[in-house]
Amino acid sequence: QTDKMFKTIKDCGLNTAFVHLRAFSDAFYKSDIYPYSAYIAGTEGASLSFDPFEVMLESSKKYGISVHGWINPFRVSTKKDPSLLSARNPAKKILDSGNEDGAICILSNGIYYNPACTSNHKLIIDGVREIISKYDIDGIHIDDYFYPSTSQSIDKIQYSQYKADGGTLSLSQWRENCVNAFVSALWSAVKTADSSLTVSISPAAKLEKNKSELYADCELWLSRSGYADLIIPQ
C-alpha cells in the first residue's frame with residue numbers, strides 16, 4: 001500500500017510528502033518517548049512487530065519522494081477522559097503524578113499540554129530530536145495547535161509566578177512569548193542537529209485568530225529568522 005501511495009505521488013508530478021508522525025501525544029513511528037497511536041496500532045500503546053514509518057520511508061526513497069515529518073505539538077486527545085490514555089503516554093504519567101503545576105490541561109474539547117510550561121516544550125522537542133536522529137527525513141512540520149483556549153485558568157499558575165517575579169506583559173503578550181519561545185527552541189534544535197532540514201508551520205489562515213485565540217505571532221515568524229523556514233497557512 002505504501003508503494004502504491006508514493007507511486008501515485010510520483011505519477012502526479014509531486015516531489016514531497018508531509019507524513020503525519022504525531023497526531024496527539026503518540027507516535028506513528030517506533031518511539032522511546034511516545035506510545036504507538038491507536039490509529040496505527042488499534043489501541044494506544046499497543047506493540048507492533050514493525051516500524052510503520054520505516055516502511056513508508058523505504059517506499060518514498062524508491063520513488064524519489066522527499067518526506068517531512070508532521071507533528072501536532074500540544075494536543076494530547078480530543079477526548080477529556082485521561083483513563084483512555086496509555087500508561088506509556090507522557091501526559092498520563094504527568095497526570096498520575098499529580099499534575100501539580102498544571103502541565104496538563106483537561107478542557108471540554110480534550111486534553112492538552114500547557115504551552116506555558118517549559119517542561120512541555122522540552123518533551124515535545126525531545127520527541128523531534130528522536131525523529132530526526134532515527135530517520136532520514138528532510139524537514140519537521142508543526143500544525144496550528146498552540147493555545148487550546150483563551151481561558152485564564154489554563155496557565156494561571158505560570159502567569160501568576162511571572163507577575164510575582166516582576167513581569168509586566170499582559171496575559172496575551174506573555175502567552176505569545178511562551179509560544180514564540182517554543183517555536184524558536186524547536187527551530188534551533190532541528191538546525192543544530194542538521195542545518196539542511198526545513199522547519200515549517202501551518203498556522204490558521206486568519207492572522208487575527210492566530211494572535212487573539214492561539215497566541216501565535218505569525219508576523220514575527222515571517223519577519224525574523226530563527227522561527228520557521230516556511231509558513232504554510234491552512
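Positions are given from 1, in the same order as the sequence printed here.
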Report task. Starting from the C-alpha separation in whole Å, work towards a yes-or-no answer on side-chain contact (heavy atoms from CB on, under 4.5 Å) for Ile132 and Asp194. Result -> CA-CA 8 Å; Ile132 59 181; Asp194 186 342; 6.0 Å; no
Report task. Would you sort out whether Asp96 and Lys92 count as a salt bridge (Lys or Arg N to Asp or Glu O under 4.0 Å), showing the intermediate values? Result -> CA-CA 6 Å; Asp96 288 347; Lys92 183 70 161 62; 3.0 Å; yes
Query raised in the report: Is there a side-chain contact (heavy atoms from CB on, under 4.5 Å) between Ile9 and Phe6 once you walk through the steps?
Result: CA-CA 5 Å; Ile9 293 170; Phe6 283 100; 3.8 Å; yes
Query - Stepwise salt bridge (Lys or Arg N to Asp or Glu O under 4.0 Å) test for Lys10 and Asp3 - result: CA-CA 10 Å; Lys10 183 75 171 179; Asp3 261 24; over 6 Å; no
**Report entry** side-chain hydrogen bond (donor to acceptor under 3.5 Å, both in side chains) between Asn180 and Trp221, intermediate numbers included
**Finding:** CA-CA 8 Å; Asn180 287 337; Trp221 305 344; 2.8 Å; yes
Requested in this report: Show the numbers, then the answer: is there a side-chain contact (heavy atoms from CB on, under 4.5 Å) between Val19 and His68?
Outcome: CA-CA 6 Å; Val19 177; His68 292 227; over 6 Å; no
Requested in this report: Go through the steps for Val183 and Asp217 under the test side-chain contact (heavy atoms from CB on, under 4.5 Å), then give the verdict.
Outcome: CA-CA 10 Å; Val183 172; Asp217 191 352; over 6 Å; no
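A distance-only check finds no donor-acceptor pair linking the side chain of Ser31 to the backbone of Ala27 [under 3.5 Å]. Listed for the Ser188 side chain is no donor-acceptor partner under 3.5 Å among the backbone atoms of Ala185. A donor-acceptor pair under 3.5 Å is formed between the side chain of Arg175 and the backbone N or O of Thr150. Under a 3.5 Å cut-off, the side chain of Tyr113 and the backbone N or O of Ser25 do not form any donor-acceptor pair.
For Glu54, the CD atom counts as densely surrounded, since its 6.0 Å shell holds more than 12 non-hydrogen atoms of other residues, nucleotides or ligands. More than 12 non-hydrogen atoms from other residues, nucleotides or ligands lie less than 6.0 angstrom from NZ of Lys163. Environment of CD in Gln234: crowded, with over 12 heavy atoms of neighbouring residues, nucleotides or ligands closer than 6.0 Å. Within a 6.0 Å radius of NZ in Lys134, more than 12 heavy atoms belonging to other residues, nucleotides or ligands are found. More than 12 heavy atoms of other residues, nucleotides or ligands shown are found within 6.0 angstrom of NZ on Lys61.
With Asn72 as reference, Asp143 is the one residue of Asp143, Asp26, Asp144 to meet the side-chain hydrogen bond (donor to acceptor under 3.5 Å, both in side chains) rule.
In this structure, a donor-acceptor pair under 3.5 Å is present between the side chains of His141 and Ser202. For the residue pair Ser170 and Ser172, a side-chain donor N or O sits within less than 3.5 Å of a side-chain acceptor on the partner. Side chain to side chain, Tyr135 and Asp51 meet the donor-acceptor criterion of an N or O pair below 3.5 Å.
Rounded to the nearest 0.5 Å, atoms CZ (Phe53) and CD1 (Ile40) are 11.0 Å apart. Going from atom CD of Glu219 over to atom NZ of Lys211 covers 6.0 Å, rounded to the nearest 0.5 Å. Of the inter-residue distances, the one linking Gln158 atom CD with Cys117 atom SG reads 4.0 Å to the nearest 0.5 angstrom. Ser212 OG to Lys206 NZ: the interatomic distance, rounded to the nearest 0.5 Å, is 10.5 Å. We find the CD-CD distance between Glu208 and Glu213 to be 8.5 Å, quoted to the nearest 0.5 Å. Once rounded to the nearest 0.5 Å, the distance linking CD1 of Ile201 with CG of Asn210 reads 10.0 Å.
Criterion: ILVMFWY side-chain heavy atoms under 4.5 Å apart, direct or through other members. Under it, Leu123 and Ile140 are part of a common hydrophobic cluster. Residues Val199 and Leu220 share a hydrophobic cluster, clusters being chains of Ile/Leu/Val/Met/Phe/Trp/Tyr side chains in contact below 4.5 Å. Hydrophobic clustering, with ILVMFWY side chains joined whenever heavy atoms are under 4.5 angstrom apart, groups Leu107 together with Tyr215. Met56 is connected to Leu14 through a chain of hydrophobic side-chain contacts under 4.5 Å among Ile, Leu, Val, Met, Phe, Trp and Tyr, so both are in one cluster. Following chains of ILVMFWY side-chain contacts shorter than 4.5 Å, one can reach Tyr147 starting from Leu169, so the two form part of one hydrophobic cluster.
The minimum heavy-atom distance between Cys105 and Asn114, with the atom names listed, is SG-CB, 3.9 Å. When all heavy atoms of Ala103 and Ile94 are compared, the closest pair comes out as CB-CG2, 4.1 Å. Heavy atoms only, all atoms of each residue included: Leu207 and Cys218 are closest at CD2-CB, 3.8 Å. The two residues Tyr36 and Pro52 make their nearest non-hydrogen contact at OH-CD, 3.7 Å. What you find for Ser66 and Asp138 is that their closest heavy atoms are OG-OD2, 2.7 Å. Considering every non-hydrogen atom in both Leu197 and Ile137, the closest pair reads CD2-O, 3.1 Å.
Between Trp70 and His20, the ring planes are parallel. Angles under 30° get that label, and only those over 60° would be called perpendicular.
For the pair Asp155/Trp174, a side-chain contact is recorded, criterion being any heavy-atom separation below 4.5 Å from C-beta on. Phe18 places a side-chain heavy atom less than 4.5 Å from the side chain of Ser200. Taking 4.5 Å as the limit, some side-chain heavy atom of Lys191 sits within range of a side-chain heavy atom of Asp229. Ile111 has its side chain out of reach of Phe24: every pair of non-hydrogen atoms, C-beta onward, lies at least 4.5 Å apart. In this structure the side chain of Glu130 reaches within 4.5 angstrom of the side chain of Asp32, judged on heavy atoms. Side-chain contact check for Ile71 versus Ile131: some heavy-atom pair is nearer than 4.5 Å. The shortest side-chain heavy-atom distance between Phe74 and His121 falls under the 4.5 Å cut-off. Side-chain contact between Asn177 and Gln173: absent, with no pair of heavy atoms (C-beta onward) separated by less than 4.5 Å.
For the pair Arg22 and Tyr34, the distance from NZ or CZ to the six-membered ring centre is under 6.0 Å and the angle to the ring normal is within 45 degrees. Cation-pi contact between Arg75 and Tyr112: absent, since separation from the ring centre below 6.0 Å together with deviation from the ring axis within 45° is not met.
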